[in-house]
There are 2 protein chains.
Amino acid sequence: MTQPLHLSLAGQALDALRELVLTGEILPGARVNEVEVANRLGISRGPLREAIRGLAAEGLVELVPHKGARVPFADAAEVRALFELRTALECEAAKLAATRRTEQDLDRMRAVSKESRKNYHAGVKFPHRLDLAFHQALLEAARSPHIAEQVRLVQQKVILTRTGLPDDPQHQHGSLDDHDELIELIEQQDWEKAAQIMRRHLSRTCAQIIKSLPD
Amino acid sequence: MTQPLHLSLAGQALDALRELVLTGEILPGARVNEVEVANRLGISRGPLREAIRGLAAEGLVELVPHKGARVPFADAAEVRALFELRTALECEAAKLAATRRTEQDLDRMRAVSKESRKNYHAGVKFPHRLDLAFHQALLEAARSPHIAEQVRLVQQKVILTRTGLPDDPQHQHGSLDDHDELIELIEQQDWEKAAQIMRRHLSRTCAQIIKSLPD
DNA sequence: TAACTGCCAACTGTCGACAGTTTACAGTTT
DNA sequence: AAACTGTAAACTGTCGACAGTTGGCAGTTA
């Protein structure tokens, strides 16, 4: 969907701006000053404005007439709403993955799970990066590019809900077990239970994120 | 998601351009000539380019470096992929609707169904407009704005797959029965069966659209 | 001191122009 | 006649400048 390796300044600006928002360098509530960001990226306002439109379409900024772009806040209700969408997408992805997975797909998922456990036992908290990697591997197995793309977008918004917050509670041990259970069910092609476990997994994740939100 | 009643030229251009693409005035495969369309809309290229970026994010045009925007073709495989996404979204919506529906929601859905049957018995083919209206009413009952927005986007792309084709085969009698069955199940809050019937309904619709595609 | 008003700076929205790339066409060669 | 090449037109990508709006600040008045 974002295929052609954008070499245009607008394309680069889109990537750079998305990074700025997702890393919390531009915090929720902050307005995107066009001249400032344009200078920072070393480009003019034209391409930057195009990039801002792109980010707005991804939902990472809101467009307010004559006030430009603003990174949106997200409360618990918004997180719940996002997870409703994510649940719809990833439960279906789990079903499809259970139907379509190859041995390679299973290996990829197992590899991610193994690395996660290694980190966990070494005392390192389960990094968000590896959780994303697992879901990414599952989506590859599902072979539904449109669903994968939408999951990517909603994952971004979920990340945004936690930017600027003290520190990531990370996923706990339960997530690792959920992942392994999913792998097993997908291996057995039990798509019904796979969807069920995915729903439970996302429900837990959602609850944990909401719990970590400030008041 | 597209909330603030865009009064900017870029916002108006986005709406106008989307209409141009969805009505088939710009056919799949055609390139969007910036100067031509800008003149046609009576604006300069700046705002138009921003609108094009917006449309690209909606998936209604593809961006090719140094060649601008092009309305994408869609083959049977693409339609199937789109309906995988739509199934994920609308089955979950059916479940949510079955859980959350009020009497008002049910009335709205029944009203749409009634009008559809009236048209059908009067010999008028089931207009696409009313099919969209039913799904819209169901999404309102589901009360999940993010899911509703994504359904809108995917519906647009589905419409796009049929632009420029001889004539719409329309939905047949089966769809009306599906709709009524869905209403009943949602009324009874039988979310499991509602999702099941929605899946069957979308599967039928998908098959019919693919059948109507050229070669 | 509080509220109101008018001005000014900052920022967004828009436009026209220039530069670099692509594409089509004409001319040339084999 | 077909293929190749060079050139010119067309189009996209980018920039700088101008116009209109918003928001804050100072000055004034009650």
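Every chain is numbered from 1 and lettered A, B, ... according to where its sequence line falls, protein lines coming before strand lines. In this text the structure is predicted, and so the values were computed from the model without any measurement.
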Please state how far atom CZ in B/R45 lies from atom P in D/dG13, giving the value in whole angstrom units. 8 Å
CD of A/E34 versus P of D/dG16: gap in Å, rounded? 15 Å
So does B/K67 get a backbone contact from the side chain of B/R31, meaning a donor-acceptor N/O pair under 3.5 Å? yes
May I ask you to decide whether B/E115 forms a salt bridge with B/R129, counting only side-chain N to carboxylate O separations under 4.0 Å? yes
Rounded to the Å, how far apart are A/L48 CG and D/dG13 P? 16 Å
B/R70 CZ to C/dT23 P, in whole Å, measures 11 Å
Taking CD from A/E50 and C1' from C/dG13, how many angstroms apart are they, rounded to a whole number? 14 Å
Between D/dT12 atom C1' and B/L63 atom CG, what is the distance in whole Å? 11 Å
Let me confirm one number: the CD1-CG distance from B/I26 to B/L55, rounded to the nearest 0.5 Å. 8.5 Å
Taking the six-membered ring for Trp, are B/F134 and B/H179 parallel (under 30°), tilted (30 to 60°) or perpendicular (over 60°)? parallel
Is A/R45 reaching over with its side chain to a backbone N or O of A/V35, donor-acceptor style, under 3.5 angstrom? no
If you check the B/N33 side chain, which of D/dC11, C/dT14, D/dG13 turns out closest? D/dC11
Could you write out each protein N or O paired with an N or O of nucleotides 21-24 of chain D at a distance under 3.5 Å?
residue : atom : partner : partner atom : Å
D/dG23  : OP1  : A/K67   : NZ           : 2.9

From CD1 of A/I43 over to C1' of D/dG16, roughly how many Å is that when rounded to an integer? 14 Å
Between A/G46 and B/A69, which is nearer to the 5' end of DNA chain D once each is assigned its nearest nucleotide? B/A69
What's the closest nucleotide to the side chain of A/V35 if the choices are D/dT12, C/dC15, C/dC11? C/dC11
Partner nucleotide of C/dT30 by Watson-Crick or wobble geometry (both distances under 3.5 Å): D/dA1
Looking only at side-chain N and O atoms, does B/R49 come under 4.0 Å of OP1 or OP2 in D/dG13? yes
To the nearest 0.5 angstrom, please state how far the CD atom of B/E149 sits from the CG atom of B/L139. 11.0 Å
Partner residues of A/R143 under the salt bridge (Lys or Arg N to Asp or Glu O under 4.0 Å) criterion, sequence neighbours left out: A/D105
